[in-house]
There are 2 protein chains.
Amino acid sequence: MASNGNRLDEAARAAWLYYVAGNTQDQIAAKLGVSRQSAQRLVSLAVSEGLVNVRIDHPIASCLDLARRLKERYSLSFCEVVPSDPASESTTLGVSQAAAVEIERWLRKEEPIIMALGTGRTLKAAIEQLPPFECPQHKVVSLTGNISPDGSAAYYNVVFTMADTVKSRSFPMPLPVFASSQTERTMLHNQAMIRPTLELAGKADVTFVGIGDFGPQAPLLVDGFISKEELDELQAAGAVGEIVGWTFDSEGRLIEGITNDRVASAPLPDPKTSSVIAIAMGQKKLPGIRAAIKGGLINGLITDERTADALLN
Amino acid sequence: MASNGNRLDEAARAAWLYYVAGNTQDQIAAKLGVSRQSAQRLVSLAVSEGLVNVRIDHPIASCLDLARRLKERYSLSFCEVVPSDPASESTTLGVSQAAAVEIERWLRKEEPIIMALGTGRTLKAAIEQLPPFECPQHKVVSLTGNISPDGSAAYYNVVFTMADTVKSRSFPMPLPVFASSQTERTMLHNQAMIRPTLELAGKADVTFVGIGDFGPQAPLLVDGFISKEELDELQAAGAVGEIVGWTFDSEGRLIEGITNDRVASAPLPDPKTSSVIAIAMGQKKLPGIRAAIKGGLINGLITDERTADALLN
DNA sequence: CTTTCGGCTGAGCAAATACTCATCAATCAG
DNA sequence: CTGATTGATGAGTATTTGCTCAGCCGAAAG
């Protein structure tokens, strides 16, 4: 749609006049020859389309301090803490922006890298913050299958979302998230189309993942990947969190059997040889985050002030 | 002042809650435990301190097109065009932000680079847009002296401004802008403290400069570097623009004699071996910009829509 | 100890902005 | 061709923001 592009152009122009040039919407309306309301709509469109990117260039002392202490205490190689909004229950607010900045930083590199991506709401929100740009030198590979139990494309598989805005070479994983049995998983993983992707995932320079909790609203349950019975069984076995479907207990040890036999996801890249950065915040995820750190599943964390504080106590 | 730092912390937090979390100032006030007015003041402080950085992630088609045509027509290796605010007479609005982004892009590189900086209001405005960060691997060298005719530090010498926010190795040029004679210049340039700096400037990987005009408000005149008589003489000799004090005619050829014999600035780095990017916009500067491009003094340009349009016609 | 001064604060108000709703135009299926 | 649907528009209005001004507090000077 040319009209759509033009509209976004106009929106960008209006947003530019508003945020950069500091015009009022009245002035913008006059300059663009539209009504004041339309100008307001253009600005708000630009905002809602994510064209407007605000960053605060000030390391808030308390956040820096929390990040430093987390890094020290848990030997993390990367940690970023964003301010909390005390009133908000969102599990993405703030961390998604910070994650987007970090993801962009990696993708802006000139030498080719391999980036692996997990799945989940938090990560999806982060990807949606990315500005469009081109980096054909990089490879972005999904750690998890993109097929829902009902056969449709998994909504929270983020590689596709990313491909919409960032032009890199994408490697989705054309698999279900869980195989029906360990045997089937082996078979699936041996497919000629899958194997290279799995190998690529193993060689990732950097990995971004979300962490799923095992409360009553566990994402694996809500999205229909596991049944209530399986959830109960996992909880009984001590499950506190999950990364791309790999379930682990409070010590960060993968739980044997149950669902981990059937997860079709690639194994998590080894944090010893690459950066594995989790993006997670919120009370619910706390046990999972703590466990993932303790078990050395991850070596990087992007979280918020409140969660950081809780992790230290 | 700890209070000052705390205040900026609070300002950053308020700005974060406002711009990123989307709170109203009332909500922020409640959360930070201050009055609404104070919250408003914190937000506006954050804005005026430059903590808040807005960027519009949308290439406005017409600007992209102008940039492309400029690059083609004049064989520029870099060109960026920002939207114009039709009502504003500013010669920095927009281009300073765009220049800051480009400068930051260079400084974020991991491998060490040498960046040379010119002088002037436009460049200073750009430097002021830079967020604070550290890049000790780079060297930033001034092309011009930093001593005003009256002996004070030249206000528009930007290396110091930059050193305030960006931690790189800085090389100011402890010289006047103009020597009193050609002989004195030779002598000054042969000083042991100056020579390495000059050599560094000659090896710059990237150079950012402003362009001065020769109208009645010529910056060289306004800042007291040259007299009205010298200005008249230069104009009579065909001067249309000036970069770090080097005056050139409408073909971009340096004007022999008069002031060019005495400019203590380093010679402009050769655009064949490095990027020499001019930041300039506005009707007044048009002849100077055109000449600098024509004469091959620069190979990169950051300007605004209106100026770009005029350059193409 | 008092005075002065600079900066901070809150109240009130004007301006700017965002939202809702009814209307209108264009597109598309039948 | 007609009716339905979608999306844009302008008016009116509520909310939010920014500005000015008078008062206040504490630090520094006398």
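By convention in this document, chain letters (A, B, ...) are assigned in the order of the sequence lines, proteins followed by strands, and residues within each chain are numbered from 1.
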**Report entry** Any residue meeting salt bridge (Lys or Arg N to Asp or Glu O under 4.0 Å) with E134(A), in chain and number order, not counting sequence neighbours
**Finding:**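 E134(A): no salt bridge (Lys or Arg N to Asp or Glu O under 4.0 Å) contacts found.
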Query raised in the report: For R69(B), which residues count as a salt bridge (Lys or Arg N to Asp or Glu O under 4.0 Å) partner, sequence neighbours excluded?
Result: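 D65(B).
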**Report entry** Side-chain N,O (S38(A)) to OP1/OP2 (dG10(D)) below 4.0 Å
**Finding:**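 Affirmative; the distance criterion is met.
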Report task. State whether S35(B) places a side-chain N or O below 4.0 Å from either non-bridging phosphate oxygen (OP1 or OP2) of dT9(C). Result ->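 The answer is no; no side-chain N or O of S35(B) sits under 4.0 Å from OP1 or OP2.
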Query - Pairwise salt bridge (charged side-chain N to carboxylate O under 4.0 Å, His left out) hits with a residue in residues 301-313 of chain A, at least two apart - result: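 For residues 301-313 of chain A: E305(A)-R13(B).
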Query raised in the report: Any salt bridge (charged side-chain N to carboxylate O under 4.0 Å, His left out) pairs touching residues 94-104 of chain A, not counting sequence neighbours?
Result: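 Found E102(A)-R105(A), E104(A)-R108(A), E104(A)-R55(B).
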Query - With T122(B) via side-chain hydrogen bond (donor to acceptor under 3.5 Å, both in side chains) - residues at least two apart - result: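 T122(B) satisfies side-chain hydrogen bond (donor to acceptor under 3.5 Å, both in side chains) with K285(B) once adjacent residues are dropped.
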Query raised in the report: Of all residues at least two apart in sequence or in a different chain, which pass the side-chain hydrogen bond (donor to acceptor under 3.5 Å, both in side chains) check with Q217(B)?
Result: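 If we apply the side-chain hydrogen bond (donor to acceptor under 3.5 Å, both in side chains) test to Q217(B), skipping adjacent residues, there are no hits.
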Requested in this report: Go along nucleotides 15-20 of chain D 5' to 3' and tag each nucleotide: B for a protein heavy atom under 4.0 Å from its base, S when only backbone or sugar atoms are that close, - otherwise.
Outcome: -SBB-B
Query raised in the report: In degrees rounded to 10°, what angle is found between the helical axes fit to the five outermost pairs at each end of the helix from dC1(C)-dG30(D) to dG30(C)-dC1(D)?
Result: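 For the helix from dC1(C)-dG30(D) to dG30(C)-dC1(D), the axes at either end differ by 30°.
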Query raised in the report: Does anything in residues 166-175 of chain A pair up under side-chain hydrogen bond (donor to acceptor under 3.5 Å, both in side chains), and if so which pairs, sequence neighbours excluded?
Result: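 For residues 166-175 of chain A: none.
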Query - Closest approach of L107(A) to M162(A) (non-hydrogen atoms, all atoms of both residues) - result: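 Residues L107(A) and M162(A), closest heavy atoms: CD1-CE, 3.4 Å.
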